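Computed from heavy atoms alone, side chains included, the values below leave out hydrogens, waters and symmetry copies. Computed from a prediction, not measured in an experiment: that's the story for all the values here.
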Amino acid sequence: MSVLSEYKFFFPIDSIQKVCDLFEEQLRSNKEPDLALFSIVVGAVENNLTNVKNSEKDVNLSSNKFIKMKFPSVEWEEVKTLYERFVSLMKNGVDTKLLNGEHATRDLVKRVADVVWNSLTRSYYKDRAHLQSVYSFLKGNKLDCFGVAFAVTAGCQVLGKEDVHLALSEDHAWVVFGKDGANTAEVTWHGKGNEDKRGRSVGEGVLARSWLYVAGKPVVCTRVMELAALVSSINPTLTPTIDVHEVAQMQHRLLWLLYDKGHLDAYPMALGNLGDLDEYMKISNCTEEPESSALKNETGVTSTNTPRPDSATLYVQAIRSSRTYYEDRHVYPYTFQGGYYHRHKMYKEAFHAWACAGDVIRHYNYSRDDEEIYKEFSEIANELIPQLMKAESSGHSARSILKDPECFASLLRFYDGICKWEEGSQTPILHIGWAKPLVSTISKFDAEVRAQVNIVCSPDDGESTEETEKTENSTQKEDNEMDNDIWNNNENAELSVREQLTAAVNSRPRVTLYSHKMAALKPLLLAERLNTHALQLQLTAQSQLQRPQPPAKRSKEDEEHNAQAPTARAKRARRER
């Protein structure tokens, strides 16, 4: 572990550049980053800049979407004192007998988690901003879910257990430990009343097919990826509608620094956050000098400028990362991309991205722990899609998405994913609040457009590997076509009418429906006159399918060998623009 005094010459940290210098020095070093130190520094900057009381004197909050604040000065003595308090808390709170052996044990991990947990205030903090750092832990005894898991990982590092690492799904965090990270342990909560899960294996959640555990394909961090997780968890919000520009700019520059050195390649959520931040920087019209500062190479010499990828490319990279490392089990890369296309009024592309999100979520069973992704899909299905359909249906453009069978096919894939997600779950999803917008959306497509879609029904409780591979391959092909601007290809203009008709027949969009609900709707979907009442009734009907068997009781041996594929993230912050 790094010697604290080595970082003294970086202080006082009174600018974004100095924070970047601190990170760059660490990334050049062969030593492991000291998680507690970096979390204290980043947390001190974020918490000071996002303190509403500090801003009210100089800023009229009601008239701004983002504001600029004076960068605080983080002094060495304050950081040193906080760091020593954290080390003392860990060493005094853990029996030395638990430190025996080369690797951490479940008892040790649970004890460190208890030390963190028992130091927190008794209040329950859900979705509160700026509670994810060791700084907020030491200054206010408050941490969110991600913060607890990060503090436990940092605590184990302080105690010399280098095998304990952070594991992140898209809305939860835990740790892996032992040889090759073969063991897993819950160290935090997800909802009220779950404190007693600390120390348990995450196996039950994986077996329950919950999105919360991404089918056992979380991002398992290296030490540098834990730094990336710390940066990705930074939250620039001052109020629900206002961001602090300096915090966003710091996060933006640090993510680019990590990106340029390859540390985000296996981290889809961080790539998506970077894409959002890049767009935010352009929208806020706040330029940054470092974009042209072309980053220094390992010897400190500035290298030639290489154009950085734009937001759209970063979202594609996040999707590629999920497919490459996590068997395409992460949903957010597609919703990031869909949101981007929607904001830019590229509605056909947005439908395609949301359909891909539906393809991913159908692999899971819905549970009440999946609140965050439920809200995401609810916003898409019940707000974004109805709004854009209303806008499109009021125009008379010949290029309208309402005349495009591929858009209709994408919508069916999206809704089919949600219906499949509902199947076998203990809680229904498609109540009338979902069904009405869905039926309204479908009804806006004329019978001729709907008839052009080749609907294949394959409702099956167990998805075959072959089917999954076919879906993934076809999705990959479609994405490649999008990347090549196939949407705007006008080659067919030179073909004869006969050739165009033949091509149209052969290129009918095909969609496979995996859910029983959507498969049962096929005759209604293709009918010349839509029976909207019948559609609503079938969509809201309780699924009568056999529910999954509860997971078998775990033996101690099963717990210890519950290995997770090497695969990390903080709760997604929604940006209002």
Side-chain angles (χ1 to χ4, degrees), residues 16 19 38-56 59 61-62 64-72 74 82 116 120-151 154 166 168-173 188-192 227-255 269-270 272-274 276-277 279-281 284 332 336 339 371-373 375-376 379 568-577:
I16 293 174
V19 179
F38 278 85
S39 188
I40 289 169
V41 171
V42 170
V45 173
E46 177 184 334
N47 278 262
N48 279 285
L49 281 170
T50 54
N51 188 328
V52 177
K53 291 178 182 176
N54 295 344
S55 67
E56 284 174 341
V59 180
L61 296 181
S62 61
N64 290 274
K65 288 191 175 178
F66 68 91
I67 62 171
K68 293 189 175 185
M69 303 273 283
K70 183 181 177 183
F71 203 89
V74 180
L82 290 173
V116 173
L120 300 177
T121 60
R122 294 299 91 190
S123 302
Y124 174 70
Y125 300 99
K126 180 169 174 54
D127 298 343
R128 287 271 299 274
H130 321 304
L131 300 182
Q132 79 283 12
S133 67
V134 173
Y135 178 87
S136 66
F137 172 59
L138 296 170
K139 292 289 280 188
N141 301 107
K142 298 173 184 176
L143 284 173
D144 61 14
C145 171
F146 170 83
V148 173
F150 191 92
L166 192 62
L168 299 171
S169 71
E170 298 188 287
D171 190 40
H172 191 37
T188 184
W189 74 95
H190 195 280
K192 285 186 177 179
L227 271 194
L230 169 66
V231 174
S232 192
S233 73
I234 291 172
N235 190 334
T237 59
L238 181 69
T239 72
T241 56
I242 301 171
D243 286 347
V244 176
H245 176 67
E246 284 72 16
V247 180
Q249 188 180 29
M250 176 179 74
Q251 185 182 28
H252 188 229
R253 288 183 58 181
L254 290 175
L255 283 174
M269 181 57 66
N273 282 340
L274 180 54
D276 265 10
L277 276 165
E279 189 182 5
Y280 167 89
M281 287 297 163
S284 63
Y332 278 137
F336 271 127
E371 178 186 2
E372 283 301 310
I373 202 64
K375 287 191 289 190
E376 192 85 13
E379 181 185 26
R569 107 134 233 212
K571 187 176 290 289
R572 178 178 174 189
R574 293 167 183 259
R575 298 183 192 284
E576 301 291 338
R577 291 194 179 85

What distance separates [X] [atom1] from [Y] [atom2], expressed to the nearest 0.5 Å?
X: M250; Y: L277; atom1: CE; atom2: CG; answer: 11.0 Å
X: D276; Y: L255; atom1: CG; atom2: CG; answer: 11.0 Å
X: N273; Y: Y332; atom1: CG; atom2: OH; answer: 10.5 Å
X: F38; Y: L230; atom1: CZ; atom2: CG; answer: 9.0 Å
X: E170; Y: M269; atom1: CD; atom2: CE; answer: 5.0 Å
X: E46; Y: S39; atom1: CD; atom2: OG; answer: 9.5 Å

Show the nearest heavy-atom pair for residues [X] and [Y], with the distance to one decimal.
X: Y280; Y: H245; value: OH-CA, 4.1 Å
X: A173; Y: C145; value: N-SG, 4.3 Å
X: H172; Y: T188; value: CE1-CG2, 3.9 Å
X: F71; Y: I16; value: CE1-CG1, 3.5 Å
X: N47; Y: S133; value: ND2-OG, 4.0 Å
X: L143; Y: S136; value: CD2-OG, 3.8 Å

May I have the step-by-step check of side-chain contact (heavy atoms from CB on, under 4.5 Å) for L254 and V19, ending in yes or no?
CA-CA 8 Å; L254 290 175; V19 179; 4.0 Å; yes
Got a donor-acceptor contact below 3.5 angstrom from the Q251 side chain to the P236 backbone?
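No; judged by distance alone, with no hydrogens or angles, the pair does not exist.
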Using modelled atom types and a 3.5 Å cut-off, is there a donor and acceptor pairing between side-chain atoms of E246 and backbone atoms of M69?
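Looks like yes, one N/O pair under 3.5 Å.
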Given side-chain contact (heavy atoms from CB on, under 4.5 Å), test V45 with Y135 step by step and report yes or no.
CA-CA 10 Å; V45 173; Y135 178 87; over 6 Å; no
If we only count heavy atoms from C-beta on, is the R128 to D144 side-chain gap below 4.5 Å?
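A side-chain contact is absent here, since even the closest heavy-atom pair is not under 4.5 Å.
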Of the options V247, D243, T50, which is the one that meets T237 in a side-chain contact (heavy atoms from CB on, under 4.5 Å)?
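Of V247, D243, T50, side-chain contact (heavy atoms from CB on, under 4.5 Å) with T237 is met by D243 alone.
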Can you list the steps and then say if L274 with H252 is a side-chain contact (heavy atoms from CB on, under 4.5 Å)?
CA-CA 7 Å; L274 180 54; H252 188 229; 3.8 Å; yes
